[in-house]
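Below, read A as the first sequence line, B as the second, and so on, with proteins coming before strands; counting in each chain starts at 1.
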There are 2 protein chains.
Amino acid sequence: MFDQFRNKFLLTDEKWLEYINYFNRIEVPSKTTLLEEGEVSKKLFIIERGCIRVWFNNNGKDLTTQFFFENQSVASIESFIKKTPSPVVVETIEVSVLWWIHKNDLDKILEEIKEIPELRDVLINMLFQRTFDYMKYFVSFIKDSPTQRYLNLIEERPQIIQRVPQHYIASYLGVTTVHLSRIKSKLVHKKD
Amino acid sequence: MFDQFRNKFLLTDEKWLEYINYFNRIEVPSKTTLLEEGEVSKKLFIIERGCIRVWFNNNGKDLTTQFFFENQSVASIESFIKKTPSPVVVETIEVSVLWWIHKNDLDKILEEIKEIPELRDVLINMLFQRTFDYMKYFVSFIKDSPTQRYLNLIEERPQIIQRVPQHYIASYLGVTTVHLSRIKSKLVHKKD
DNA sequence: TGTATTTGATAACAAATGTTATCGTCTGCC
DNA sequence: GGCAGACGATAACATTTGTTATCAAATACA
């Protein structure tokens, strides 16, 4: 599970084992709420198997902002870092196997890691990359039509199309399920 | 001009003066292009007086992503950091007085600053805050109607309403100038 | 296996937003 | 002072997207 990180962080074996020991493994059914709206996020999750979505309630309607799959880490980042109530809900879509670490333990690790220049730069670069990803989402939203955004998803994130129920995809694209159906229907007809 | 930063960065006077010396002052008319589309960003600008917008060309239409005013720093961040061609244009709106620093010089400063733990944390926090700001823009875009976004602007960024020509605001809100006129018109009528 | 629930498609109508065109006002500039 | 270009309002019509309702298919699960 953690081998993917092993290469990035050049640590001693002891340290590595100590860090891994902070993580806890859980298995949860689909539609399990991992973080509720208004709750302060104290756990960071890593997905071994399964699929998670992050959404918030807007006038009674779901609005999905992110999907996560295997090997990705998930939290309500702003809530996690600033200890503020989370505006979003974190919830499994499929039956999932997760590893989580408590914020206190992660903070310890990060304090130690920050003293190592190479790791510090890795961290900073990760932060920048996260910012760039958000910019990309943002630009795509104001730039592209829902149809184009759907085509982008097919191209860039086929996992979402394949594994996520369509009404969540609609909520991610910012349209109704009815309209997403229309979009798909038109695309099929154009192919004739 | 630079006193606003003086407090944040606890440096010796020598260092401070050395750093300030890297900056160059320029005065430019409105509609001056500071960075063209496709160009690699090598200058970071700080605004002493005036107003800048960042936009990109989408099928012949302007799409404005950000406005900047006095005391803010401006660059096509991703292009600046990664040395990739900028997807956006950076352009003055008003007659402006700017200070700019070359990326090479800024990198030198940052390398030195990173060795000081307090300053390193200030930097990391600035990166996080930038991410959170983008999340906020993003969420507002998928959550709120154009009318609501316009009301948010009035509330949260009155400078934009007061100083920026309306067609740029429309392009920032993601609607046509015609529709923004309609929105304003409806708001006036509701007040009766 | 059978039934309830979830998921997705479609139709008919409503509301929001874009497109094109016209006109008036303002502003910078010679 | 007058003119050209920028800016903003409005109207008429087109297109996109939302709303509500209904039905069919897939799926979960007792």
* What are the two closest non-hydrogen atoms of A/Ile169 and A/Ile160, and how far apart are they? -> CD1-O, 3.6 Å

* Asked: How many Å lie between NZ on A/Lys186 and C1' on C/dT10, as a whole number?
  -> 13 Å

* Specify the residues of residues 152-175 of chain B, ordered by number, for which at least one heavy atom lies under 4.0 angstrom from an atom of DNA chain C. => B/Gly174, B/Val175

* Short side-chain N/O contact from A/Thr176 to OP1 or OP2 of D/dT19, under 4.0 Å -> no

* **Residues B/Ser76 and B/Ser41: side-chain donor-acceptor under 3.5 angstrom** => no

* To do: Go along nucleotides 22-30 of chain C 5' to 3' and tag each nucleotide: B for a protein heavy atom under 4.0 Å from its base, S when only backbone or sugar atoms are that close, - otherwise.
  => ---------

* Treat each ILVMFWY residue as a node, draw an edge where side-chain heavy atoms are under 4.5 Å apart, and state whether A/Tyr172 and A/Val89 are in one component. => no

* Asked: What is the distance from CD1 of A/Ile93 to P of C/dT7, rounded to the nearest Å?
  -> 10 Å

* Given atom CD1 of B/Ile183 and atom C1' of D/dA9, what is their separation to the nearest angstrom? -> 14 Å

* Whole-Å distance between C/dG18 C1' and A/Asp144 CG? -> 17 Å

* To do: Inspect the surroundings of NZ in A/Lys83 and state if more than 12 heavy atoms from other residues, nucleotides or ligands are less than 6.0 Å away.
  => no

* Asked: Do the side-chain N or O atoms of B/Lys184 get closer than 4.0 angstrom to the phosphate oxygens (OP1, OP2) of D/dA9?
  -> yes

* To do: Decide, yes or no, whether a salt bridge links B/Lys136 with B/Asp133 under the criterion of side-chain N to carboxylate O below 4.0 Å.
  => no

* Structure fact -> Separation of D/dT15 atom P from A/Arg182 atom CZ, nearest Å, is 15 Å

* Any chance the side chains of B/Asn125 and B/Gln129 put a donor and an acceptor closer than 3.5 Å? -> no

* **Proximal nucleotide (of C/dT17, D/dT20, D/dA11) relative to the B/Pro146 side chain** => C/dT17

* Ignoring backbone atoms, test whether A/Ser185 places a side-chain nitrogen or oxygen under 4.0 Å from the OP1 or OP2 oxygen of C/dT10. => yes

* **B/Lys103, NZ atom: more than 12 neighbouring heavy atoms under 6.0 Å** => yes

* Given atom CG of B/Leu180 and atom P of C/dT17, what is their separation to the nearest angstrom? -> 12 Å

* Asked: Taking CD from A/Glu94 and P from D/dA28, how many angstroms apart are they, rounded to a whole number?
  -> 11 Å

* Asked: A/Val178 side chain: which of C/dT19, C/dA9, C/dA11 is closest?
  -> C/dA11

* Asked: Between B/Ser79 (side chain) and B/Thr84 (backbone), is there a donor-acceptor pair under 3.5 Å?
  -> yes

* Asked: D/dT10 C1' sits how many Å from B/His179 NE2, rounded?
  -> 14 Å

* Asked: Backbone N or O of A/Trp100 within a donor-acceptor pair of the A/Asn24 side chain at under 3.5 Å?
  -> yes

